[in-house]
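Numbering of ligands and ligand atoms starts at 1, following listing order. Below, each value reflects all heavy atoms present in this structure, side chains not excepted, and no hydrogens, waters or symmetry copies. What you see is a predicted model; the values in this text were computed from it and never measured.
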Amino acid sequence: MPETIPTHQMLMSKIRSRQAWVGVIGLGYVGLPLAMTVARAGFAVTGFDIDPGKMVEIDAGRSYIEAVPDSILNAERQAGRFSATTDFSKLGACDVITICVPTPLTRHRDPDLSYVERTCREIAKTLRPGQLIVLESTTYPGTTDGLVKSVLEETGLKSGTDFFLGFSPEREDPGNRQFETSTIPKIVAGDGTEAGNLMAEFYGAVVKTVVPVSSNATAEAVKLTENIFRAVNIALVNELKVIYEAMGIDIWEVIDAASTKPFGYMPFYPGPGLGGHCIPIDPFYLTWKSREYELPTRFIELAGEINSAMPRHVVGRLAELLDRRLGKALSRAHVLVIGLAYKKNVPDIRESPSLKLIELIEERGGRASYYDPHVAEIPPTREYGHLKGRRSISWSEATVREFDAVLIATDHDGVDYAALAGWAPLIVDTRNIFSRLKIAGDHIAKA
Ligand SMILES: NC(=O)c1ccc[n+]([C@@H]2O[C@H](COP(=O)([O-])OP(=O)(O)OC[C@H]3O[C@@H](n4cnc5c(N)ncnc54)[C@H](O)[C@@H]3O)[C@@H](O)[C@H]2O)c1
């Protein structure tokens, strides 16, 4: 009787020879760069997304993600290593499938795993022995071996013998040109030894450094820990900023000086509030899961409280400065918010505190406009639907001079701050950009 080769060995040799066909589900900030990195490592990749608009862009050779230049997208398409589709029946042909769909919070700030579950149900329709299924979306410990596994095992196939299941978190840093997907060390884990080995082999072929950990739950916890660490430390400097502000001490100067300590200190910087798809959201995945264990997540809650109070603090300071320096009430002022994106040099406005700043200024009777070279128009958002369709002002001396105050919310490169300092009667800077550029003036204040 001929000896049968175990499914994991067959998949392992397909990965080693780059014969494995890879499917990437969810072609957003995480999925599209990942698809390119996997394709550049020599694998054939099919991208799957429910958004037909993205297919139109990809088929026209236009990348909608800044981290992926058109040239790379087109090189991979022309080499036949990348194509994209909304036809999920093709998933059955893929040997490795990575899931990169959103994991937001619900209106009640609980984890919303509906995108992950829906994706798993699509995969289950064509699941077959010998496939490696990887969750990359950020989530609480236990999701991969719980929800994902149970949906996939409803097919009758078993994880660890028929198909293989892993978790590998994303560590993208949008706008950071120092790193790309392939140069960021990647945490990998699997459900069982074979899955773990397949994960290490696959990602080892794609990125420079893989960091295997003992279980999917550990890998899920690593990602949350990284983001909780940031949320808590940002909250700490935001709180210190408010205290030092009252004492007449410049938090930025303090941080710069503290950073000269060669050990035991790592700088974090204050801002107008937390933004983006990760830091304001991910920590609450752990909060939710911890309730099951009747354990409080006090640091996370407190950090959330402090960080979400920042936009109100900044607007309060803006009102005080308008009054003190210009004798003008915020309710009669027209304010230009600079930077709508949540961080510099990206067009992403998800959870951006700039939207909250505009809302708060207007709640107090003021008028607010914005300038952002990366965001021409405010797209539909769940929380700020009333701001939809507003457009960035066009940059000119005459336009900027119409405003009573300028509020720097995001310190994009490419904004002419020196010119701005000459045009605006009052500048309130939440990012310390003017000090960093050594532009000073009595009309420039920090917040
Ligand atoms: N953006 C980041 O910097 C970042 C960093 C680390 C981790 N993450 C995590 O990665 C995951 C994806 O985030 P993102 O920023 O890429 O989101 P995104 O919104 O940019 O992209 C998600 C994509 O998934 C698609 N999609 C939604 N439902 C789908 C479905 N059922 N089937 C197929 N496609 C579907 C959407 O159309 C979209 O193109 C999230 O869990 C996020 O927390 C994001």
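Contact annotation for P169 and ligand 1: no heavy atom of the residue comes within less than 4.0 Å of the ligand. When heavy-atom distances to ligand 1 are checked against a 4.0 Å cut-off, S137 comes that close through both its backbone and its side chain. Under 4.0 Å from ligand 1, not a single heavy atom of E122 appears.
Side-chain contact check for S215 and T218: at least one donor-acceptor pair (N or O, by modelled atom type) lies under 3.5 Å. Using modelled atom types, one finds a donor on one side chain and an acceptor on the other under 3.5 Å when comparing H412 with D372. Neither side chain, S159 nor K149, offers a donor N or O lying under 3.5 Å from an acceptor on the other.
Aromatic ring pairs are classed by plane angle as parallel below 30°, tilted from 30° to 60° and perpendicular above 60°; the pair Y269 and W252 is parallel. The aromatic rings of F229 and F268 sit perpendicular to each other, their planes meeting at more than 60°, with 30° as the lower class boundary. Relative orientation of the F434 and Y417 rings is perpendicular, given thresholds of 30° and 60° on the angle between their planes.
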For T144 and E220: C-alpha separation, side-chain torsions, deciding distance, then whether side-chain hydrogen bond (donor to acceptor under 3.5 Å, both in side chains) applies.
CA-CA 8 Å; T144 309; E220 288 159 335; 2.5 Å; yes
Working note: R390 + E377, criterion salt bridge (Lys or Arg N to Asp or Glu O under 4.0 Å); need CA distance, chi angles, decisive distance, verdict.
CA-CA 6 Å; R390 292 214 198 169; E377 184 177 316; over 6 Å; no
Taking it one step at a time, do K14 and D95 satisfy salt bridge (Lys or Arg N to Asp or Glu O under 4.0 Å)?
CA-CA 8 Å; K14 274 187 174 182; D95 301 295; 2.9 Å; yes
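Annotation: cation-pi geometry satisfied between K54 and Y64 (NZ/CZ under 6.0 angstrom from ring centroid, within 45° of ring axis). Judged by a 6.0 Å distance limit and a 45° cone about the ring axis, R109 is positioned over the six-membered ring of F284.
Using a 4.0 Å cut-off to heavy atoms of H277, the atoms of ligand 1 that qualify are 13 (O), 15 (O), 40 (C), 42 (C), 43 (O). Close approach to T119 involves these atoms of ligand 1, each under 4.0 Å from a residue heavy atom: 30 (C), 31 (N), 32 (N). Each of the following atoms of ligand 1 lies closer than 4.0 Å to a heavy atom of E170: 6 (C), 7 (C). Taking every non-hydrogen atom of R350 and a distance limit under 4.0 Å, the qualifying atoms of ligand 1 come out as 1 (N), 15 (O), 17 (O), 18 (P), 19 (O), 20 (O). Within ligand 1, counting atoms from 1 as listed, the ones closer than 4.0 Å to a heavy atom of F88 are 32 (N), 33 (C). Set against the non-hydrogen atoms of I25, the atoms of ligand 1 under 4.0 Å away are 32 (N), 33 (C).
Scanning all protein heavy atoms for the shortest distance to atom 5 (C) of ligand 1 gives C278 SG, 3.5 Å. Here the protein heavy atom with the shortest distance to atom 21 (O) of ligand 1 is G28 CA, 3.2 Å. I50 CG1, 3.9 Å is the protein heavy atom nearest to atom 26 (N) of ligand 1. What sits closest to atom 8 (N) of ligand 1 on the protein, heavy atoms only, is V30 CG2, 3.6 Å. Nearest non-hydrogen protein atom to atom 24 (O) of ligand 1 is G26 CA, 3.3 Å.
Considering Y29, F48, Y115 only, the shortest heavy-atom separation from atom 1 (N) of ligand 1 involves Y29. Among T103, L113, V101, the residue whose heavy atom lies nearest to atom 11 (C) of ligand 1 is V101. Within the set N227, D51, D49, the minimum heavy-atom distance to atom 36 (C) of ligand 1 is found for D49.
For the pair P102 and ligand 1, the shortest N or O to N or O distance does not fall below 3.5 Å. Checked by distance only, ligand 1 and T138 come closer than 3.5 Å through their nitrogen or oxygen atoms.
Evaluated for a side chain to side chain contact (heavy atoms under 4.5 Å, CB included) with I427, the options L336, I338, L420 yield exactly one hit, L420.
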